[in-house]
Amino acid sequence: MIAKSAKYAFFDSTKEMMFIPLDDESKGVGKAAIELVAYRMAKSGGSFYLQLVILLWGSVTTGFGIVPIAAAFFLVMVLWSIYAYTAALIMDSHKARNAHEF
């Protein structure tokens, strides 16, 4: 439940901010590509990673199985932070560009 709440609160809103500067056609194509292809690839990649951890370390619940999962979680959080910061920079440049037009 916490994971779903965090996804809707942070990831979805950040993802939607990336589409604001695009025209309507590009928004539709971009959203379709991300929702149809990227999400499914991410779920498959996560499942593959979990299976790899179980294969290499034997169990997710042992001490050694937690380390690669924690490392992957940390990496994802760092990448998400970079993505959010980049989205904020893009939004700021878009606002600055639109401010000069008026």
Side-chain angles (χ1 to χ4, degrees):
M1 186 165 164
I2 294 172
K4 287 289 185 184
S5 300
K7 179 189 177 293
Y8 290 123
F10 300 113
F11 179 73
D12 286 352
S13 58
T14 307
K15 179 190 70 154
E16 292 297 321
M17 283 192 292
M18 295 300 293
F19 295 112
I20 290 174
L22 301 176
D23 61 356
D24 289 338
E25 182 179 347
S26 297
K27 282 182 189 179
V29 171
K31 285 183 181 184
I34 287 176
E35 291 174 2
L36 294 176
V37 177
Y39 284 159
R40 291 185 179 144
M41 288 183 68
K43 282 188 174 190
S44 298
S47 298
F48 175 75
Y49 180 75
L50 187 57
Q51 289 298 320
L52 186 66
V53 167
I54 291 171
L55 180 68
L56 295 176
W57 283 278
S59 175
V60 177
T61 58
T62 63
F64 293 116
I66 296 295
V67 172
I69 292 173
F73 178 76
F74 180 73
L75 178 67
V76 167
M77 292 306 295
V78 167
L79 292 175
W80 179 83
S81 299
I82 293 169
Y83 174 76
Y85 179 72
T86 304
L89 290 177
I90 290 170
M91 291 298 298
D92 287 343
S93 68
H94 179 69
K95 286 179 185 177
R97 185 178 47 210
N98 284 344
H100 293 298
E101 289 178 4
F102 294 110

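Remember, it's a predicted structure, so these values are computed and weren't measured experimentally.
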(message) To the closest 0.5 Å, what do you measure between CE (M77) and OG (S81)?
(response) 5.5 Å
(message) Please tell me whether V76 and Y49 are part of a single hydrophobic cluster in this structure, the criterion being side-chain heavy atoms less than 4.5 Å apart.
(response) no
(message) Please say yes or no: joined through hydrophobic side-chain contacts below 4.5 Å, possibly via intermediate residues, are I82 and F74 part of one cluster?
(response) yes
